[in-house]
*Asks:* 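One structure follows; several queries about it will come next.
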Amino acid sequence: MDGETGRILQRTLLGEAVELVEHVAVFVWNEERRYVAVNDAACELVGLPREELIGIQVGEMSPDVDEAVAGARTLPFRHGTSTLERRDGESIPLEWVTAHTRVAGLPYY
(Lines give C-alpha, C1' and ligand atoms only; values in the text may rest on other atoms or scores of the structure.)
Protein backbone atom coordinates (compact mmCIF):
# COMPACT_ATOMS: atom_id res chain seq x y z
CA MET A 1 0.00 0.00 0.00
CA ASP A 2 1.33 3.43 -0.86
CA GLY A 3 0.20 7.03 -0.86
CA GLU A 4 -1.91 8.60 1.86
CA THR A 5 -3.67 5.33 2.77
CA GLY A 6 -0.31 3.66 3.36
CA ARG A 7 0.89 6.58 5.48
CA ILE A 8 -2.24 6.43 7.65
CA LEU A 9 -1.82 2.68 8.09
CA GLN A 10 1.83 3.10 9.07
CA ARG A 11 0.99 5.79 11.63
CA THR A 12 -1.71 3.58 13.11
CA LEU A 13 0.68 0.62 13.36
CA LEU A 14 3.44 2.74 14.89
CA GLY A 15 1.02 4.26 17.39
CA GLU A 16 -0.19 0.85 18.52
CA ALA A 17 3.39 -0.47 18.68
CA VAL A 18 4.42 2.40 20.96
CA GLU A 19 1.30 2.13 23.10
CA LEU A 20 1.78 -1.59 23.66
CA VAL A 21 5.57 -1.85 24.00
CA GLU A 22 6.17 -4.11 26.99
CA HIS A 23 7.76 -2.71 30.16
CA VAL A 24 8.36 0.75 28.66
CA ALA A 25 6.44 3.74 29.97
CA VAL A 26 5.68 6.24 27.19
CA PHE A 27 4.70 9.82 28.02
CA VAL A 28 3.90 12.50 25.41
CA TRP A 29 4.10 16.08 26.68
CA ASN A 30 3.48 19.47 25.18
CA GLU A 31 5.15 22.89 25.20
CA GLU A 32 3.46 23.69 28.53
CA ARG A 33 5.19 20.61 30.03
CA ARG A 34 1.86 18.80 30.49
CA TYR A 35 1.29 15.13 29.68
CA VAL A 36 -1.16 14.78 26.80
CA ALA A 37 -0.89 11.02 26.20
CA VAL A 38 0.50 8.04 28.12
CA ASN A 39 0.49 4.28 27.67
CA ASP A 40 -0.64 1.67 30.22
CA ALA A 41 2.94 1.08 31.37
CA ALA A 42 3.26 4.78 32.26
CA CYS A 43 0.10 4.57 34.39
CA GLU A 44 1.41 1.47 36.14
CA LEU A 45 4.79 3.09 36.75
CA VAL A 46 3.41 6.20 38.43
CA GLY A 47 0.49 4.43 40.10
CA LEU A 48 -2.18 6.73 38.66
CA PRO A 49 -5.05 6.17 36.24
CA ARG A 50 -4.66 7.75 32.79
CA GLU A 51 -7.43 10.28 33.51
CA GLU A 52 -5.44 11.62 36.47
CA LEU A 53 -2.01 11.45 34.83
CA ILE A 54 -3.06 13.43 31.73
CA GLY A 55 -2.48 17.12 32.45
CA ILE A 56 0.12 16.65 35.18
CA GLN A 57 3.22 18.75 34.62
CA VAL A 58 6.46 16.98 33.67
CA GLY A 59 8.63 16.89 36.76
CA GLU A 60 5.79 17.06 39.27
CA MET A 61 6.76 13.61 40.55
CA SER A 62 10.45 13.86 39.64
CA PRO A 63 11.69 17.17 41.03
CA ASP A 64 15.25 16.57 39.86
CA VAL A 65 14.40 16.83 36.13
CA ASP A 66 13.90 20.58 35.60
CA GLU A 67 17.33 21.05 34.04
CA ALA A 68 16.86 17.93 31.90
CA VAL A 69 13.46 19.14 30.69
CA ALA A 70 14.95 22.49 29.74
CA GLY A 71 17.67 20.67 27.80
CA ALA A 72 15.12 18.42 26.11
CA ARG A 73 13.50 21.49 24.61
CA THR A 74 16.72 22.64 22.97
CA LEU A 75 18.28 19.32 21.98
CA PRO A 76 16.52 16.97 19.54
CA PHE A 77 17.41 13.90 21.64
CA ARG A 78 18.30 13.64 25.32
CA HIS A 79 18.66 10.83 27.88
CA GLY A 80 19.39 10.60 31.56
CA THR A 81 18.38 9.23 34.94
CA SER A 82 16.15 10.52 37.71
CA THR A 83 13.87 9.32 40.48
CA LEU A 84 10.10 9.16 40.43
CA GLU A 85 8.37 9.87 43.73
CA ARG A 86 5.02 8.10 43.60
CA ARG A 87 2.12 9.47 45.60
CA ASP A 88 2.10 6.28 47.69
CA GLY A 89 5.62 7.21 48.87
CA GLU A 90 7.54 4.68 46.77
CA SER A 91 10.69 6.02 45.12
CA ILE A 92 11.47 4.51 41.70
CA PRO A 93 14.77 5.03 39.82
CA LEU A 94 14.25 5.95 36.16
CA GLU A 95 16.28 5.86 33.02
CA TRP A 96 14.65 8.07 30.39
CA VAL A 97 14.92 9.20 26.78
CA THR A 98 13.28 12.30 25.34
CA ALA A 99 12.97 13.15 21.65
CA HIS A 100 11.20 15.88 19.69
CA THR A 101 8.19 14.86 17.63
CA ARG A 102 5.13 16.40 16.01
CA VAL A 103 1.46 15.46 16.28
CA ALA A 104 -1.04 17.17 13.98
CA GLY A 105 1.79 19.55 13.05
CA LEU A 106 2.37 20.71 16.63
CA PRO A 107 5.57 20.14 18.63
CA TYR A 108 5.60 17.47 21.35
CA TYR A 109 8.20 15.56 23.33
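Both backbone and side-chain heavy atoms feed into the values below; hydrogens, waters and symmetry mates do not.
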*Asks:* List for me each residue that meets side chain to side chain contact (heavy atoms under 4.5 Å, CB included) alongside L13, sequence neighbours excluded, and say none if there are none.
*Replies:* L9, Q10
*Asks:* My understanding is that only residues two or more places apart in sequence, or in another chain, count here; which of them pass side chain to side chain contact (heavy atoms under 4.5 Å, CB included) with P93?
*Replies:* none
*Asks:* Can you name the closest pair of heavy atoms from A42 and A25 and give their distance?
*Replies:* CA-CB, 3.5 Å
*Asks:* Taking all non-hydrogen atoms of both residues, which atom of C43 and which atom of P49 are closest, and how far apart?
*Replies:* SG-C, 4.2 Å
*Asks:* Under the salt bridge (Lys or Arg N to Asp or Glu O under 4.0 Å) rule, what pairs show up with a residue in residues 16-26, not counting sequence neighbours?
*Replies:* none
*Asks:* So, R50 side chain and V38 main chain: donor-acceptor pair closer than 3.5 Å or not?
*Replies:* yes
*Asks:* Taking ring-ring contact (aromatic ring centres under 6.0 Å, His included) as the definition, give me every residue that meets it alongside Y35, ordered by chain and number, with sequence neighbours left out.
*Replies:* F27
*Asks:* Can you name the salt bridge (Lys or Arg N to Asp or Glu O under 4.0 Å) partners of R87, sequence neighbours left out?
*Replies:* E52, E60
*Asks:* Does CZ in R86 sit with more than 12 non-hydrogen atoms of other residues, nucleotides or ligands closer than 6.0 Å?
*Replies:* yes
*Asks:* Taking the side chain as everything from C-beta on, heavy atoms only, tell me whether I56 gets closer than 4.5 Å to L48.
*Replies:* yes
*Asks:* Please determine whether residues W29 and V18 belong to a single hydrophobic cluster, defined as Ile, Leu, Val, Met, Phe, Trp and Tyr linked transitively by side-chain heavy-atom distances below 4.5 Å.
*Replies:* no
*Asks:* State plainly whether one hydrophobic cluster holds both I54 and Y108, where clusters connect Ile, Leu, Val, Met, Phe, Trp and Tyr through side-chain heavy atoms under 4.5 angstrom apart.
*Replies:* no
*Asks:* If Ile, Leu, Val, Met, Phe, Trp and Tyr residues are connected whenever their side-chain heavy atoms lie under 4.5 Å apart, and connections chain through other members, are V28 and V21 in the same group?
*Replies:* no
*Asks:* Nearest 0.5 angstrom please: L94 CG to T81 OG1, how far?
*Replies:* 9.0 Å
*Asks:* Can you establish whether the number of heavy atoms outside E95 located under 6.0 Å from its atom CD is more than 12?
*Replies:* no
*Asks:* Say whether, by atom type as modelled, one donor and one acceptor occur between the side chain of R33 and the main chain of V58 under 3.5 angstrom.
*Replies:* yes
*Asks:* Listing request: all ring pair (Phe, Tyr, Trp, His ring centres under 6.0 Å) pairs with a residue in residues 57-104, at least two apart in sequence or in separate chains.
*Replies:* H100-Y109
*Asks:* Which residue is it: I92, L53, L45? I am looking for the one with a side chain to side chain contact (heavy atoms under 4.5 Å, CB included) to M61.
*Replies:* L53
*Asks:* Tell me whether V36 is reachable from L106 by hopping between hydrophobic residues (I, L, V, M, F, W, Y) whose side-chain heavy atoms are closer than 4.5 Å.
*Replies:* yes
*Asks:* Would you check if there is a donor-acceptor pair between the side chains of E85 and S91 at a distance under 3.5 Å?
*Replies:* yes
